[in-house]
There are 2 protein chains.
Amino acid sequence: MARAQLDSLDYKILHTLSSNGRKPYLEIARECGVSGAAIHQRIQKLTAMGVLKGSECLIDAASVGYDTCAYIGFFLKDPSKFDEVVERLREIPEVVEVHFTTGQYDMFIKLYARNNDHLLHLIHEELQALGLARTESLISFKEVFKRQLPIHQRNKD
Amino acid sequence: MARAQLDSLDYKILHTLSSNGRKPYLEIARECGVSGAAIHQRIQKLTAMGVLKGSECLIDAASVGYDTCAYIGFFLKDPSKFDEVVERLREIPEVVEVHFTTGQYDMFIKLYARNNDHLLHLIHEELQALGLARTESLISFKEVFKRQLPIHQRNKD
DNA sequence: TTTGAAACCATGAATAG
DNA sequence: CTATTCATGGTTTCAAA
């Protein structure tokens, strides 16, 4: 997706919703000095353009039983199987991000596991079966912070 | 945060909101066969417990001018300055995640940049000034997918 | 957990700038 | 093409039980 042509009201809406996905449109409208219907129409436009891709709640991982977060980089034994590997990664619910990267690895993923045993299980039973070579894991023992992209009123070109 | 004691209604609520942060409470209530007030009270409880930590909208990074996503691992020259470094990373808006990790690095961060030049600027001007040794960058040229933690009705112990 | 009531909000149509 | 007003029905929220 290319850079979208957005004005300052669009940015204000995105900035607002990025920190509170449930903020009422009317409240945003009051903060921006426009009508509620205007916000509603902008949000429909941003969604249709693919700039806004839904909303989700933030859940504390440890509270729901995921104590381990890890990043794993790897090369594939058979690089022609990229797409197939992606599809199989999609079926492993613990895998929450998949990137194609430059340099050090072919692919780089983020996953959550219940504990270290579960992580080992995921790596040995689920991931190795996909045909990986040279796997490297990086275990996060503390996520110090996590936040959204910076959305400015006016982004410079 | 330790594992919370949650029942299946709590999990159903989290699962529902994790894919649609704006779903009306009454609609969730109908799907779960309880009153709207019950959902409202559960969400207040989950929020007070720290299980639910707000909600945010999903924004397409490229549409708002961020074409480059990178992960950077590094060691600190002076490991006693962890906390100070975290505070300074917090002031760099492009840095969206900070982890303390085992093994390969002291710290591991995720950031977004407008383009490769901007990434280079961030690394050389902003990050190096924090006192880093042995930095390694990993540039994602495609985020194949990104999704939420798996939330099941019933998580096994 | 439920009900019920008041306040509030989302949504779309029609209209005006 | 985008914003506004307005009407309708749905939603949030709180107190009381």
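So you know, we letter chains A, B, ... as the sequences are listed, proteins then strands, and number each from 1.
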Euclidean distance, atom [atom1] of residue [X] to atom [atom2] of [N] [Å, nearest integer]:
{"X": "B:L17", "N": "D:dT11", "atom1": "CG", "atom2": "C1'", "answer": "14 Å"}
{"X": "B:I43", "N": "D:dC14", "atom1": "CD1", "atom2": "P", "answer": "13 Å"}
{"X": "A:M49", "N": "D:dC1", "atom1": "CE", "atom2": "P", "answer": "13 Å"}
{"X": "A:I13", "N": "D:dT2", "atom1": "CD1", "atom2": "C1'", "answer": "12 Å"}
{"X": "A:L9", "N": "D:dT2", "atom1": "CG", "atom2": "P", "answer": "11 Å"}

Practice item. Kindly write out the residues that satisfy salt bridge (charged side-chain N to carboxylate O under 4.0 Å, His left out) with B:E56, not counting sequence neighbours, or none if the list is empty. Key: none
Review point. Counting distance only, does the side-chain N/O of B:D67 pair as donor-acceptor with the main-chain N or O of B:N115 below 3.5 Å?
Key: no
N/O contacts under 3.5 Å, protein versus nucleotides 6-10 of chain C?
{"residue": "C:dA10", "atom": "OP1", "partner": "A:Y25", "partner atom": "N", "Å": "3.0"}
{"residue": "C:dA10", "atom": "OP1", "partner": "B:R22", "partner atom": "NH2", "Å": "3.1"}
{"residue": "C:dA10", "atom": "OP2", "partner": "A:Y25", "partner atom": "N", "Å": "3.1"}
{"residue": "C:dA10", "atom": "OP2", "partner": "A:L26", "partner atom": "N", "Å": "3.1"}

**Study point:** N-O pairing of A:R90 and A:E87 below 4.0 Å
**Key:** yes
Exercise for review: Give a yes or no on whether a salt bridge exists between A:D106 and A:K77, defined as a side-chain N under 4.0 angstrom from a carboxylate O.
Suggested key: no
**Study point:** A:Q44, nearest nucleotide to its side chain (from D:dT4, D:dT2, C:dG12)
**Key:** C:dG12
Point to revise | Check: B:H118 ring centre within less than 6.0 Å of B:Y66 ring centre | key: no
Review point. Reckon A:I28 touches a base, only the sugar-phosphate, or nothing at all at heavy-atom distances under 4.0 Å?
Key: nothing
Revision key, fill the gap. Assign each of A:K45 and A:G36 the nucleotide of DNA chain D bearing its closest heavy atom; nearer the 5' end lies the nucleotide of A:K45
Check your understanding: Looking at B:T101, B:I72, B:V98, B:L138, which one forms a side-chain contact (heavy atoms from CB on, under 4.5 Å) with B:F108?
Key -> B:T101
Practice item. Please state whether the base of D:dT4 and the side chain of A:Q41 form at least one donor-acceptor pair under 3.5 Å? Key: yes
